[in-house]
Number of protein chains: 2
Amino acid sequence: MEAKKTFFNLPEEKQKRVLETALEEFSEKGYEGASINLIVSKLGIAKGSIYQYFTDKKSLFLFIFDYAVELVRKTLKQVKQETREQPTFERIRRSLLAGVDFIERHPFIYRGYLKMMFEREAPFRQELLQRIRLFSSEYLTSLLMEGREKAEIRKDIDLETMVFLLDAVMDRFLQAYAISYLDSGLNLNRMKRPEIERHVNEIVELMRKGIGK
Amino acid sequence: MEAKKTFFNLPEEKQKRVLETALEEFSEKGYEGASINLIVSKLGIAKGSIYQYFTDKKSLFLFIFDYAVELVRKTLKQVKQETREQPTFERIRRSLLAGVDFIERHPFIYRGYLKMMFEREAPFRQELLQRIRLFSSEYLTSLLMEGREKAEIRKDIDLETMVFLLDAVMDRFLQAYAISYLDSGLNLNRMKRPEIERHVNEIVELMRKGIGK
DNA sequence: GGTCTTTGTGACCACCTGGTCATTTTTAAG
DNA sequence: CTTAAAAATGACCAGGTGGTCACAAAGACC
């Protein structure tokens, strides 16, 4: 457990406010860059107080990380359930849209994840990232394997290669939606839902049929 | 011009040593995280000296950025030239391999680029990134357009969507090669050239034919 | 030698960092 | 109202940051 008991004695509202404020700071500045001074001043509490809740910066970070991972895990699980009976490419489509919705609801979580990907400094970075990427790749692998059983997915190419492609495209799509400058030409960033959906459809169709011929 | 004349009066060897040392620091820690103190101590010169060469941290960074961009631009141009007469997918294959070679030769440049993608702090970040991403996407667009003329590339899907996919997959491939934890399953990181080539072939083949059916 | 300019130096500055802790304030119990 | 425990506070600390500047060293020319 990374938080002290004092933290859990706080009214739930305040707990959430602390978490959200710290999450915002971490996701914007990264682990090293995030400033405890700024967090407490944004919260309007004394610096000492935050150290009543968490032993140090690291444990605050890890606590938030767990909180975020749990949210992602739940979301993925739910989509998987809901689309159980549907064709594979429809499931992929839905997954991508679920990602868009998730970013809309929790913008700082996804940005924090991206920040971490390219930071050396975050504590346990390697382990934490592997944790995330593992269940992302497990998710896609199981999707594709079920797709193969239904003969919707080709069998003459390595499953891992396909997972790699899917992962790359989906992740980049969400990055483009969340950050801008990352979409190569398309302007996902400012689009409204119907347009987003059109692009999701097109990109999924493209992954199905390929660029060639 | 971001460097002072004193810098250019230095023996070329020392100029390069300064640039490479600073590049390494920036690419590992990002703009904010990089420490001038560390750079000068690694160089074995006094702190004041670096301020004889560059007016401040920002101009040092921008100078290095230009230096790096020029290297990338040249490399891309050369590949484009060399593969002029070849089939589109062969050109894509070659481009990806050129990326791998580039990382091998200049590991800090590519990492620096990744660092910047998710940093808010770097000066002129937006403009600089757009500069890079623009010529990456121009490069791919022209590749695909020429491919369409030769009827090697499908015409029933937006060119931009295809560029997006290509860009996403190629970039992710290089990330996986440069950083690890990013390959979803494949272990590009530790592979030797022949294996890398096998994966490049497979991934390009997959982009051509698609995942479906 | 002497003189003038260019380059190198590191103590110093103001400011910010994560973290501490003696002290005060708030809350709860009797 | 008293007492004891729990929580909030902010001055303070050591250590880091980018940047400055008076001075010393080195070169260049006569």
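From a predicted model like this one, the values you see are computed outputs, not experimental measurements.
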| task | With heavy atoms under 4.0 Å as the rule, sort B:Phe7 into base, sugar-phosphate or nothing. | result | nothing
| message | Under 4.0 Å, counting only non-hydrogen atoms across every strand here, what does A:Phe54 touch: a base, just sugar-phosphate, or nothing? | response | nothing
| remark: Between B:Asp56 and B:Tyr51 the two heavy atoms that sit nearest each other are CA-CE2, 3.9 Å
| request: Consider only side-chain N and O atoms of A:Asp167 and A:Ser136, and report whether a donor and an acceptor are under 3.5 Å apart. | output: yes
| request: Could you check which residues of residues 13-30 of chain A get a heavy atom under 4.0 Å from DNA chain C? Sort them by number, please. | output: none
| said: Side chains of A:Glu104 and A:Tyr110: any donor to acceptor distance under 3.5 Å? | reply: no
| query | Does a donor on one side chain sit under 3.5 Å from an acceptor on the other, for B:Arg91 and B:Thr83? | reply | yes
| request: Look up atom CZ in B:Phe164 and atom CG in B:Leu140, then write down how far apart they are to the nearest 0.5 Å. | output: 12.5 Å
| field | Distance, rounded to the nearest Å, where A:Ile39 contributes CD1 and C:dT17 contributes P | value | 11 Å
Less than 3.5 Å apart, which donor and acceptor atoms pair up between the side chains of residues 112-119 of chain B and the rest of the protein, not counting sequence neighbours?
from     : atom 1 : to       : atom 2 : distance (Å)
B:Tyr113 : OH     : B:Arg133 : NH1    : 2.5
B:Tyr113 : OH     : B:Asp171 : OD2    : 3.1
B:Lys115 : NZ     : A:Phe118 : O      : 2.9
B:Lys115 : NZ     : B:Glu28  : O      : 2.9
B:Glu119 : OE1    : B:Tyr31  : N      : 3.2
B:Glu119 : OE2    : B:Tyr31  : N      : 3.4

| message | Pair B:Val100, B:Leu188 - check side-chain contact (heavy atoms from CB on, under 4.5 Å), show working. | response | CA-CA 11 Å; B:Val100 170; B:Leu188 293 177; over 6 Å; no
| What's the CG-P distance between B:Leu43 and C:dT9, to the nearest Å? | 11 Å
| remark: note: B:Tyr53, atom OH; C:dG8, atom C1'; distance rounded to Å ~ 7 Å
| note | Here the distance between atom P of D:dC12 and atom CG of A:Asn37, to the nearest Å, is 16 Å
| query | Nearest-Å distance, CD1 (B:Ile36) to C1' (C:dG10)? | reply | 16 Å
| message | Using every non-hydrogen atom in the two residues, find where B:Ser95 and B:Met170 come nearest and quote the distance to one decimal. | response | CB-CE, 3.8 Å
| note | Whole-Å distance, A:Lys5 NZ to D:dA6 P, equals 6 Å
| Do the ring centers of A:Phe7 and A:Phe63 come within less than 6.0 Å of each other? | yes
| said: Is B:Asn9 close enough to C:dT7 that one of its side-chain N or O atoms is under 4.0 Å from OP1 or OP2 there? | reply: yes
| field | Rounded distance (Å) that lies between atom P of C:dT6 and atom CD1 of B:Ile45 | value | 20 Å
| query | Can you give one letter per nucleotide of nucleotides 21-30 of chain C, going 5' to 3': B for a protein heavy atom under 4.0 Å from the base, S for sugar-phosphate only, - for none? | reply | B---------
| request: For B:Ile50 and for A:Lys58, find the nucleotide of DNA chain C with the closest heavy atom, then tell me which residue's nucleotide is more 5'. | output: B:Ile50
| Choosing from C:dG8, D:dA8, D:dT9, which nucleotide comes nearest the side chain of A:Leu10? | D:dA8
| query | When you check the phosphate oxygens OP1 and OP2 of D:dA6, does a side-chain N or O of A:Thr6 lie under 4.0 Å from one of them? | reply | no
| message | Rounding to an integer number of Å, can you tell me how far A:Glu32 CD sits from C:dG18 P? | response | 9 Å
